[in-house]
Amino acid sequence: MRRILVSVLTGILLTEASLGQGGTASQLTIRSSNRNRAQATAATKLEDGTTIHVSLIKPVDARKNKAGDEVMAKTEWDVSSEDGVVVLPVGSMIVGHITGVSVRSREHKVSALGIVFDRAILMDGTNVSMPLAIQAISRAQARDASEVEDALATRGEKRALAMRAMATPASMGGIMLRDVLARMNAAANPADATLPLTSSSQGVLGLPNLYFSAEVSGATNVSLVSSKNTNVRLNSGTEMILRLNAR
C-alpha cells in the first residue's frame with residue numbers, strides 16, 4: 001500500500017513539473033513572438049533620416065561582381081525606434097544588390113559600382129523593406145585586440161628605431177637608420193589616422209582614390225562608388241553609414 005501511495009505521489013509531481021515546464025516554454029514563445037511583432041512594427045515606423053552603422057560581410061569588386069549580385073552587411077550597433085524599441089540588434093542583416101558595374105580599361109577610364117540597400121532581415125527572419133542610401137564609407141576599423149596590439153607594436157618599433165637613429169653616429173650607420181625611418185614614415189598610409197564613423201560622417205574616409213555619389217529616385221537610393229585610378233573594390237569589413245530615405 002505504501003509503495004502504491006509513493007508511486008502515485010511521484011506521478012503527480014512529475015506531471016506537475018511537466019506542465020510547469022510546458023507553461024514556461026509557452027510563455028517564452030509568446031514573449032518572443034510579441035517582441036518580434038514589436039520589432040517589425042517599429043521597423044516600419046523608423047524616422048526618415050535614421051542612420052545605421054554597418055560593415056560589409058563579403059567584398060564587392062568591379063572586376064568580379066555583376067549587376068544583380070547580392071550585397072550583405074551587418075549592423076555594428078543596435079538601431080532603436082523613437083519609443084526605444086530595439087528594431088535591429090547588433091549583427092542584424094542589411095541586404096541590397098549591385099545595380100551596375102563599370103570596369104576600368106583603356107576605353108573606360110573610370111571604374112564604378114552602383115549599390116542599393118533596400119531591406120533588413122529581423123532576428124526572426126522577417127524581411128522588412130528599408131530604402132537606404134550610403135552616407136559615408138570607411139575602411140574597416142581595428143576592433144580585435146590582436147589588431148590593436150599589432151598597431152601598437154608597429155608604433156613601438158618606429159619609436160625604438162628613431163631613438164637608435166638619433167643616438168647612433170653617422171660613421172656607425174646613423175645616417176642609414178635615419179634614412180630607413182624616413183622611408184617608413186613616407187610609406188605610412190594616411191588612412192591609419194581614420195576616425196571611427198559616426199552618424200554625422202559623410203563621404204569616403206580612409207579609402208584613397210574612391211569617390212561616391214547618391215542618386216535618389218522615388219523609393220530607390222542608388223549609391224555610386226567610383227575611382228579614376230583603380231578598379232573599385234570594397235573589402236569585407238568595409239564600414240558604412242546608411243541613411244533611411246523612406247520619403
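When a residue number appears, it is its place in the shown sequence, counting from 1.
Looking at Asn231, its side chain does come within 3.5 Å of a backbone N or O of Arg104 through a donor-acceptor pair. In this structure a side-chain-to-backbone donor-acceptor pair under 3.5 Å is missing from Thr75 to His53.
Ile115 and Tyr211 sit in two unconnected hydrophobic clusters of ILVMFWY residues. Membership requires side-chain heavy atoms under 4.5 Å apart, directly or through other members.
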Verdict with supporting geometry, Leu244 and Glu47, side chain to side chain contact (heavy atoms under 4.5 Å, CB included): CA-CA 8 Å; Leu244 180 63; Glu47 290 291 318; over 6 Å; no

Residue pair Gln135, Thr51: steps toward the side chain to side chain contact (heavy atoms under 4.5 Å, CB included) verdict: CA-CA 9 Å; Gln135 176 178 300; Thr51 55; 3.9 Å; yes

Derivation and outcome, side chain to side chain contact (heavy atoms under 4.5 Å, CB included), residues Ile94 and Phe117: CA-CA 7 Å; Ile94 303 295; Phe117 287 101; 3.9 Å; yes

Stepwise side chain to side chain contact (heavy atoms under 4.5 Å, CB included) test for Val54 and Lys74: CA-CA 5 Å; Val54 304; Lys74 63 179 180 179; over 6 Å; no

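Among residues two or more places apart in sequence or in another chain, the salt bridge (Lys or Arg N to Asp or Glu O under 4.0 Å) test is passed with Asp69 by Lys66. For Lys109, the salt bridge (Lys or Arg N to Asp or Glu O under 4.0 Å) test picks out no residue, with sequence neighbours left out. Every residue was checked against the side-chain hydrogen bond (donor to acceptor under 3.5 Å, both in side chains) condition with Gln202, not counting sequence neighbours, and none meets it. Take Arg233 and apply the salt bridge (Lys or Arg N to Asp or Glu O under 4.0 Å) test, not counting sequence neighbours, and it matches Asp61.
When hydrophobic side chains of Ile, Leu, Val, Met, Phe, Trp and Tyr are connected at separations under 4.5 Å, Ile57 ends up clustered with Met72, Met93, Val95, Ile121. Grouping Ile, Leu, Val, Met, Phe, Trp and Tyr by side-chain contacts under 4.5 Å, direct or through others, leaves Leu224 on its own.
Using a 4.5 Å heavy-atom cutoff, the side chains of Leu56 and Val71 are in contact. Residues Val103 and Ser111 fail the side-chain proximity criterion, which asks for heavy atoms closer than 4.5 Å. Within the 4.5 Å cutoff, the side chain of Val232 has heavy atoms near those of the Leu210 side chain. Inter-residue side-chain proximity for Thr126 and Val128 is flagged as met; some heavy-atom pair is nearer than 4.5 Å. A heavy-atom distance below 4.5 Å is found between the side chains of Ile52 and Met130.
The distance from atom CZ of Arg139 to atom CG of Leu197, rounded to the nearest 0.5 Å, is 11.0 Å. Expressed to the nearest 0.5 Å, how far CG of Asn221 lies from CG of Asp118 amounts to 9.0 Å. To the nearest 0.5 Å, atom OG of residue Ser226 and atom CG of residue Asn209 are 11.0 Å apart. Atoms CG and CG, on Leu122 and Leu88 in that order, are 6.5 Å from each other to the nearest 0.5 Å. Going from atom CG of Asn65 over to atom CD1 of Ile98 covers 3.5 Å, rounded to the nearest 0.5 Å. A distance of 9.0 Å separates CZ in Phe212 from CE in Met240, rounded to the nearest 0.5 Å.
For the pair Ala140 and Gly237, the tightest heavy-atom approach, listed with the atom from each and the gap, is CB-O, 3.2 Å. The two atoms that bring Ala133 and Asn245 nearest to each other are CB-ND2, 3.4 Å, heavy atoms only.
Inspection of the Ser55 and Glu76 side chains reveals an N or O donor paired with an N or O acceptor under 3.5 Å. Under 3.5 Å, the side chains of Asn229 and Ser227 contain no donor-acceptor pair of N or O atoms. Defined by atom type and a distance below 3.5 Å, a donor-acceptor pair is present between the side-chain atoms of Asn127 and Arg119.
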